[in-house]
Amino acid sequence: MPLFIHFGLALVALASLSLQVAAHGANANASANAFQQHCLSFAPEKLIWNSTRTHLEYVANGTTLEFPDNVASCARPQQLVSADLCRIALSIPTSQRSSIALELWLPEQWSQARYVSTGNGGIDGCVKYEDLAYTTSNGFAAMGTNNGHNGTTGVTFLNNPDIVEDFAYRALHTGTATGKLLTEKFYNKTPAYSYYLGCSLGGRMGIKAAELYPDDFDGIIAGCPAVDFNYLQGERAMFYPITGAAGSPNFIEPDLWTGLIHNEVLKQCDALDGVKDGIIEVPDRCYFQPETLLCRPWWWPFGKSSPCLNFQQVLQLRQIYAPYTYPNRTLIFPRMNPGNEIFAVQKFFAGAPFSYSEDWFRYVVLSQPTWNAATYNETLVALAQELNPFDIQTYPQTLPAFKEKGGKLLSYHGGQDNQITSFNTERFWDRMAEADPQLQDWYRFFRISGMFHCNSGPGAWIVGQGGGAAAAGIPFEPQQNVLAAMVAWVEKGQAPGSLTGTKLVNDTLSMGIDFQRTHCLYPSTQTYIGGDYKLPSSWRCQ
Ligand SMILES: *[C@@H]1O[C@H](CO)[C@@H](O)[C@H](O)[C@H]1NC(C)=O
Ligand SMILES: *[C@@H]1O[C@H](CO)[C@@H](O)[C@H](O)[C@H]1NC(C)=O
Ligand SMILES: *[C@@H]1O[C@H](CO)[C@@H](O)[C@H](O)[C@H]1NC(C)=O
Ligand SMILES: *[C@@H]1O[C@H](CO)[C@@H](O)[C@H](O)[C@H]1NC(C)=O
Ligand SMILES: *[C@@H]1O[C@H](CO)[C@@H](O)[C@H](O)[C@H]1NC(C)=O
Ligand SMILES: *[C@@H]1O[C@H](CO)[C@@H](O)[C@H](O)[C@H]1NC(C)=O
Ligand SMILES: *[C@@H]1O[C@H](CO)[C@@H](O)[C@H](O)[C@H]1NC(C)=O
Ligand SMILES: [Ca+2]
């Protein structure tokens, strides 16, 4: 009998134990399942007028999402997702002849109630899935659109101003209005703060949003912004007529750019900041003189022997590194960043049309699909600016409504940018500062030394400016991460005074950190004060 009781007790104990285990597992799965169910039963297409649902799925942290319907030129066939989230994709008409493809990723963990819109690049219609993954992994509800068209070319702009209008401003605004509304309906809570994160064309999109829709965002990160867009396209188109086609007489071969010319730029400019480290810390003081590369005549004892450049090639370099002006010397666009050659040779100096400019002139400015980019000249940039479709120029001197409502704007720009010169962002910020001496109260600019376009380069370029490598290995905290810096500025009033960038060994996370450097708040300038140049403390902003 005692044995029986004992057995009975044991049975009860065992049963309650397994009940506990089951209950625990069920709870964990119950909440995951509840989120999953909530996701799958959400009906975004019923909330957005005329929209069509293309995807609705629960995505578990660690999943590599495939995008079989994404066009190949966007070169984003898949994306690793680093949060449990609900993925919504819609197609939304913006006019009779245009629509946007929208992605909204809503993370299960949304305790801070932050919303972010992400931007595009080039003249493309490519959702930056890496930025959606990056921001959702940090708890943001994140939206991105195809900017009104798919792929990396401008073909769809031809004779369709509706698509150009989406591209100029409407796709982002429509996507943002949709994204914020669906976020609110999904969580049954209004986003507490709204942000924007973009670079290059995406930088321009952010500034245009501040101009047209000041209520869309509390904080806007406009990296390497493609502002003064029409003139920018002219400047980018300028290089090809100067260099000529690859293989043409006097064409400067790529290995001369990456070897001879780049090394000579560094020889003249690297040490201006006090340290020979391959980084031009103060590009403003670097005025490259290509004459030093001129080949000496065979009968003359002085000067450079092979590898060297002929007189015509030196003239090309003089034009390439000079400010771009009309014949009457009126500035069209500031001079290129010296030190960008290693990457710039792949596009600007490749002896081929720069595709974004070529497409812009072909399909928007001239509506001539066969226009030959070799015939580009200043008459055309003047025409582009005159047309200025939907005020795509994006060159405000003031943003009164955005400032008034307490909006915060932040730009960063690489000092060795190979696609948009950082001198243009200096000019843009300076021009706004002329109108508002207290500009830093709400618009701050950081120059990232040794960074190419938006990312990469010899400098400490990782500042959390986007997904993938741009946030690798750094914490989400304001000193080292520009998005976290914006969050602290908007939500706590802590304005960023500097940004510490990180350089990984060989740009490879597993190889560890090579060095860090603290980038200065413009217009203060990075100054070497002595010591190990790889330590941030060996430099000071002055
Ligand atoms: C929760 O469910 C998943 C599959 O839906 C299963 O693999 C997992 O073992 C379950 N967890 C627990 C603790 O029961
Ligand atoms: C654009 O791409 C999206 C997927 O990213 C696809 O759903 C849509 O049909 C495409 N639109 C056009 C016009 O090809
Ligand atoms: C996603 O999973 C990884 C690996 O387990 C984890 O480190 C990370 O914190 C998870 N992300 C979120 C947002 O929970
Ligand atoms: C919205 O849908 C209606 C029919 O449901 C259609 O007539 C109208 O053209 C659509 N609007 C746009 C902008 O596509
Ligand atoms: C220089 O030429 C451009 C283009 O023709 C013109 O727009 C500009 O007004 C001129 N500037 C001066 C100072 O004449
Ligand atoms: C620019 O090119 C156009 C057509 O290609 C030509 O008509 C015009 O004369 C050129 N202008 C200059 C300043 O060379
Ligand atoms: C550095 O990276 C490049 C390109 O990713 C690779 O080819 C090279 O082997 C790497 N170097 C080292 C030392 O790992
Ligand atoms: Ca240096």
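Counting starts at 1 for both ligands and their atoms, following the listed order.
In terms of polar-atom proximity, T330 is counted as a contact of ligand 5, with an N or O under 3.5 Å from an N or O of the ligand. For ligand 6, the polar-atom distance check finds an N/O of N377 within less than 3.5 Å of one of the ligand's N/O atoms.
With values rounded to the nearest 0.5 angstrom, L181 atom CG is found 8.5 Å from T183 atom OG1.
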Quiz: residues 216-223 side-chain donor-acceptor pairs under 3.5 angstrom, not counting sequence neighbours:
from : atom 1 : to   : atom 2 : distance (Å)
D216 : OD2    : H173 : ND1    : 2.7
D218 : OD2    : S194 : N      : 2.8

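Of all atoms in ligand 6, listed by their number and element, those nearer than 4.0 Å to a heavy atom of T379 are 1 (C), 10 (C), 11 (N), 12 (C), 13 (C).
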Show me the short polar-atom pairs for ligand 3: any N or O of it lying under 3.5 Å from a protein N or O, with distances only.
from     : atom 1 : to  : atom 2 : distance (Å)
ligand 3 : 2 (O)  : N61 : OD1    : 3.2
ligand 3 : 2 (O)  : N61 : ND2    : 2.2
ligand 3 : 11 (N) : N61 : ND2    : 2.9
ligand 3 : 11 (N) : S82 : O      : 3.0

Can you list the steps and then say if D84 with Q109 is a side-chain hydrogen bond (donor to acceptor under 3.5 Å, both in side chains)?
-> CA-CA 8 Å; D84 295 324; Q109 303 299 325; over 6 Å; no
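Remark: Y363 engages no residue in a ring pair (Phe, Tyr, Trp, His ring centres under 6.0 Å) (not counting sequence neighbours). With sequence neighbours excluded, the residues forming a salt bridge (Lys or Arg N to Asp or Glu O under 4.0 Å) with E211 are K208, listed by chain and number.
Counting only heavy atoms from C-beta outward, the side chains of P191 and F140 never approach each other to under 4.5 Å. Counting only heavy atoms from C-beta outward, the side chains of I88 and L90 approach each other to under 4.5 Å.
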